[in-house]
Amino acid sequence: MQFRSSGPSSEGLPTAARHAISLCHECPVRAMCLASALVFREEYGVSGGLTPGERRPLETRLARGEALGEVLSSALSYSDERNQQGAAR
């Protein structure tokens, strides 16, 4: 499932986009969704729990030759931490 949004991060996003990000954390194909968005440079929407602006630096890491698995691991950890911080508020 992919949700459309724009912007550099989840901060300041509309309620619907924040809700979409929270749904991603429960999705069994979240890593695959994020991998697809990174590999195909998806320009719009929330994919794998990250906004397009959050995915751009990850795409750069891939372009520089970093392994997809390493990029995904760090991105999903970041996304989990952000989600936990948001839930604590």
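- Panel note: side chain Ser77, backbone Ser73; a donor-acceptor pair is recorded below 3.5 Å.
- Under the 4.5 Å side-chain criterion, counting only non-hydrogen atoms from C-beta, His25 is in contact with Ser79.
- No side-chain donor-acceptor contact under 3.5 Å links Arg55 to the backbone of Arg41.
- The backbone N or O of Leu23 sits nowhere less than 3.5 Å from a side-chain atom of Glu26 that would complete a donor-acceptor pair.
- Every residue meeting the side chain to side chain donor-acceptor pair (under 3.5 Å) condition with Glu66, not counting sequence neighbours, appears here in chain and number order: Arg61.
- Under the salt bridge (charged side-chain N to carboxylate O under 4.0 Å, His left out) criterion, no residue pair touches residues 67-76, with sequence neighbours excluded.
- Separating the CE atom in Met32 from the SG atom in Cys27 is a distance of 10.5 Å, to the nearest 0.5 Å.
- Applying the side-chain contact (heavy atoms from CB on, under 4.5 Å) criterion to Arg56, with sequence neighbours excluded, gives Glu43, Pro52, Glu59.
- Considering only residues two or more places apart in sequence or on other chains, Leu76 meets the side-chain contact (heavy atoms from CB on, under 4.5 Å) condition with Arg30, Ala31, Leu34.
- Taking the side chain as every heavy atom from C-beta outward, Leu72 and Leu58 never approach each other to under 4.5 Å.
- Of all heavy-atom pairs between Leu68 and Leu62, the closest is CA-CD2, 3.6 Å.
- With sequence neighbours left out, the side-chain contact (heavy atoms from CB on, under 4.5 Å) criterion links Ser22 to His19, Asn83.
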